[in-house]
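So the structure is just underneath, and the comments pick up after that.
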Amino acid sequence: MKAQVDQDLCISCGACVDTCPEVYDWNDDDKAEAIVDVVPDNMEDQAREAADSCPTEAIKVE
Ligand code: SF4
């Protein structure tokens, strides 16, 4: 599974970084981004939960 954050939609609320810091972190533009190429199996539920918690639906997981 991969996770991607649409930089144009991210409003830097921090929900994903709080929910799943193993997968999402801040970049130099103070937006969230996925910090792993492939989400580890044991992090998939959390990565999906973070995507669901995003208020602007900026995160795509597939
Ligand atoms: Fe950005 Fe969505 Fe993460 Fe909030 S939850 S920091 S809007 S990607």
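Counting starts at 1 for both ligands and their atoms, following the listed order. Since this is a predicted model, take the numbers as computed values, not measurements.
- For the side-chain contact (heavy atoms from CB on, under 4.5 Å) criterion with C10, the lone passing option out of T56, N27, V5 is V5.
- With a 4.0 Å cut-off on non-hydrogen atoms, V17 does not touch ligand 1 at all.
- Less than 4.0 angstrom separates some heavy atom of G14 from each of these atoms of ligand 1: 4 (Fe), 6 (S).
- The nearest N, O or S atom of C13 is not closer to atom 3 (Fe) of ligand 1 than 2.8 Å.
- For ligand 1, the atoms closer than 4.0 angstrom to any heavy atom of C16 are 3 (Fe), 5 (S), 6 (S), 8 (S).
- For the pair I59 and C16, the minimum side-chain heavy-atom distance is below 4.5 Å.
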Intermediate values then yes/no, side chain to side chain contact (heavy atoms under 4.5 Å, CB included), W26 and V17: CA-CA 8 Å; W26 302 114; V17 180; 3.9 Å; yes
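- For ligand 1 and C54, the ligand atoms under 4.0 Å from any heavy atom of the residue are 2 (Fe), 5 (S), 7 (S), 8 (S).
- Annotation: side chain of R48 is in contact with side chain of M1 (closest heavy-atom distance under 4.5 Å).
- Counting backbone and side-chain atoms alike, C10 contributes an N/O/S atom closer than 2.8 Å to atom 1 (Fe) of ligand 1.
- Looking at C20 and M43, their side chains come closer than 4.5 Å, going by heavy atoms from C-beta outward.
- Residues K2 and K60 fail the side-chain proximity criterion, which asks for heavy atoms closer than 4.5 Å.
- Residue V5 approaches ligand 1 through these ligand atoms, each under 4.0 Å from one of its heavy atoms: 8 (S).
- Considering only non-hydrogen atoms, atom 7 (S) of ligand 1 lies nearest to I11 out of I11, I59, L9.
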